[in-house]
Amino acid sequence: MKTVNRRSAFGIGDIIGGLSGAAVALPQSMGLGIVLFSVMGFDASTGALAGLIGATILLLISGGVGATVGMISAPNGPMTMMLVGVMSTLSAEGASSGAMLLNLSAILMLVGIFQILFALLGGARLIKYIPYPVVAGLVTGVGVLMVKSQITLLAKDWNGSLYPDSFESAFPSIIALLTMLAMYLTPKLTARRIPAAVGAFVSGLLFFYGALGYLPFEVNEKWVVGTIPSIVNMHFDFPAKELFSLSPKLVVLTALALTILGMTDCLVTSLVADSRTGRQHDSRKEMVAQGAAELVIGFLGALGGWGTKGATLVCIEAGGRRWAPVVAGLFFMALMLFAGEVGRYLPLSVLAGIVAMVGVGMIDLNILTWARHKRTRLDAITAIGVIIIIVSVNLVVAVGVGVLFSILLFISMQSKNPIIHRRIDAREHRSISKRPVEEERCLEKYGEDIVMYELKGNLFFATADKLRTEIGGQLRQDRILILHFRRVRYVDMSAMIVLLQIGEDARNRGCELLFCHLHKGLGFGKKVKKAFRHIDSKHTFNHRVFADSDTAFEYAENRLLQKHGYKNSERAKAKTIAENDLCIDMASEQIEEISAMAIVREVSAGERLFERGDYGDSLYMLLEGNIEIRLYVNKREYKRLAKYGPGTFFGEISFIEPGPRTATAFALENCVLAEIGGKELKKFEERREYKTLIEILNTIAIRLSEELRRSADDIRRLEEW
């Protein structure tokens with residue numbers, strides 16, 4: 001038995017949805033074609049045919065590929081208005097109709113090539129990052145131009161006056177206004193059962209022919225589309241001799257602007273379609289299909305377009321899915337082949353009213369709301385600026401300015417974001433290195449001389465100088481400054497130069513600068529100094545770089561302790577039991593008791609004192625060497641939890657409550673330890689010698705309390721992370 005793929009199966013819903021979508025797209029396609037080709041010097045019927053050809057090719061190619069289920073593609077306002085602006089410029093320069101048609105073909109074919117290239121290179125994803133205020137300004141500006149173009153079209157019979165000189169010359173404008181009113185009321189009166197464009201089209205025809213039955217004048221040929229030429233006999237006169245007269249700058253810039261605008265609008269329409277069908281469109285496939293359609297349309301000299309939201313929603317609501325756009329395309333083709341005479345009965349004023357109302361619907365009044373609130377006022381200014389440029393200059397320049405606004409808005413947003421995530425000094429944060437009590441007290445007293453700045457976001461020319469300004473006051477004599485890059489996502493060349501300048505500032509002021517987490521994602525490998533030298537050979541990068549913040553903090557602590565008289569050699573010296581933190585505040589007789597019960601052990605470098613999971617009940621006093629406590633995630637990878645040096649103690653949890661060890665103790669060098677077993681606690685109890693026992697437990701309790709406080713601070717910092 002064959003399995004039917006329900007996602008691509010053809011059904012009655014595709015027929016109804018396709019015809020419904022075509023009914024909405026039909027008057028818009030014809031009306032926009034008339035608008036553009038009238039500017040180019042062609043008659044209305046030629047413009048109507050150009051719109052129908054464009055819709056047919058878009059629907060058959062894009063719908064046939066099926067990258068977006070249910071999407072109706074057809075000529076639309078943004079593309080038409082941009083082309084109207086270009087053709088108006090050429091007309092003012094004295095270009096012939098054939099020359100303008102040649103420019104139109106070149107622009108649309110180049111749009112197709114650009115769309116395909118953008119799609120294959122992943123540009124469809126980048127288009128989504130154009131800020132909404134720019135898009136809103138573009139769409140609103142196009143809406144204003146659409147309304148303006150229809151007013152100009154209807155005012156042709158006013159003999160150059162601002163007002164009609166007779167009721168007869170005002171008649172088309174009245175019909176257009178009534179059509180607009182019908183388009184506004186249809187959804188309200190029919191509970192959206194009838195599409196607004198369909199209701200307006202039918203109502204406009206009734207208004208037009210109903211009124212003529214009572215008026216004392218006949219239908220003027222200028223008021224109707226006229227017989228639509230058959231596509232079989234259609235022939236545009238392309239003057240080959242004018243091929244080299246094309247302006248490459250005009251063609252390329254217009255094509256680029258149309259590509260950006262078209263891809264943005266089309267992908268938004270795809271998202272609208274997805275929200276209604278529950279499917280997910282393929283943006284790359286859709287852009288390739290749309291680009292291929294533009295190539296064919298340009299070759300034929302027709303009017304291009306892309307996905308249209310209104311017709312798409314009507315199609316989907318009527319049940320249209322995978323094959324509905326193809327049904328709509330076949331309907332348009334049949335109309336061109338067999339129903340050309342229908343154009344003699346289609347009033348231009350009705351089509352003008354529909355196009356004007358579509359333009360009104362594109363005007364985003366939310367822009368005025370944005371202007372009233374301080375937080376969104378910059379967005380409103382951006383949108384209004386784009387609108388002014390569209391209306392006063394042209395759409396090509398507006399798209400370019402829109403892209404520039406996008407860049408400036410992004411830079412502004414990034415520069416406003418704080419580059420410093422958090423400032424920490426050694427009084428509130430320490431490395432995992434456990435130190436003798438006197439060293440801990442020194443770090444507590446002078447901890448403000450070690451400062452770490454955790455950076456975040458993108459470090460580029462707009463934020464790097466801001467960082468230099470913010471930390472400039474912290475570059476003081478004998479201070480150690482750590483720059484933490486783990487949360488930084490990007491560092492550009494300008495930022496690297498600023499970092500070199502910060503290093504120079506630090507050196508001149510006697511401040512030591514350290515770097516940590518200069519990860520590969522930022523473009524740094526193991527040779528960080530070499531990377532900086534390639535950027536600027538005049539400034540030498542001679543700062544220490546650490547793999548993580550803990551080793552950077554440990555180094556800074558050692559430097560601070562050294563400054564205050566705790567030499568590295570002194571700290572590395574072997575300590576006696578009496579000098580250990582466990583016993584340092586005890587009386588001599590208590591120290592003697594502990595020394596008597598302690599077992600001295602030696603561990604070679606690289607050996608493990610105990611493993612995670614081993615049973616333990618001993619407390620260890622480290623007399624010589626360094627022990628690192630590690631939490632292994634596999635045989636090689638581990639997390640450093642603590643580091644102990646001479647004079648410290650560890651293992652207190654198992655000492656108080658014998659059981660499995662929670663981590664592994666690893667000897668970094670040859671070590672000597674004094675071990676006290678948990679059973680020794682019971683000996684104190686048996687002998688009723690509680691004083692020494694209480695001192696031991698009190699010291700352990702103080703240590704654990706300090707660890708708990710530090711753990712709470714670490715958890716808080718993790719929450720802020």
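These figures come from a predicted structure and were not determined experimentally. In what follows, every heavy atom counts, from backbone to side chain, and hydrogens, waters and symmetry copies are set aside. By convention here, the first residue in the shown sequence is residue 1.
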Could you pull out every donor-acceptor pair under 3.5 Å between side chains of residues 357-364 and any protein atom, sequence neighbours left out?
unit_1 : atom_1 : unit_2 : atom_2 : d
D364   : OD1    : N366   : N      : 3.0
D364   : OD1    : N366   : ND2    : 3.2
D364   : OD2    : Y132   : OH     : 3.1

Residues M79 and G305: closest non-hydrogen pair is SD-N, 3.2 Å
Check whether the side chains of T308 and Q28 place a donor and an acceptor atom closer than 3.5 Å, and report yes or no. no
Which of V69, T269, L267 passes side chain to side chain contact (heavy atoms under 4.5 Å, CB included) with H281? Answer is L267
Of all heavy-atom pairs linking F332 and T56, the shortest is CB-OG1, 3.1 Å
Scanning both residues in full, the closest heavy-atom pair of F37 with G47 reads CB-CA, 3.6 Å
The ring-ring contact (aromatic ring centres under 6.0 Å, His included) partners of F171 (sequence neighbours excluded) come to F208, F217, W223
- Taking the side chain from T312 and the backbone from M71, do they hold a donor-acceptor pair closer than 3.5 Å? no
Heavy-atom nearest pair, A25 first then I72, reads CB-CG2, 4.3 Å
- Close side-chain approach of I390 to V144, heavy-atom, < 4.5 Å: no
In short, A119 meets M287 closest at the heavy-atom pair CB-CB, 3.5 Å
### Query
Is L185 close to T190 at the side-chain level, that is, under 4.5 Å between some pair of heavy atoms?
no
**OP:** Determine yes or no for a side-chain-to-main-chain donor-acceptor pair under 3.5 angstrom, with R321 supplying the side chain and G70 the backbone.
**Re:** no
Looking only at heavy atoms, the pair that brings P187 and A196 closest together is CG-CB, 3.8 Å
- Message: Side chains of F207 and P347, heavy atoms from C-beta outward: is any pair under 4.5 Å?
- Response: no
- request: For S96 and A99, indicate whether the former's side chain and the latter's backbone hold a donor-acceptor pair under 3.5 Å.
  value: yes
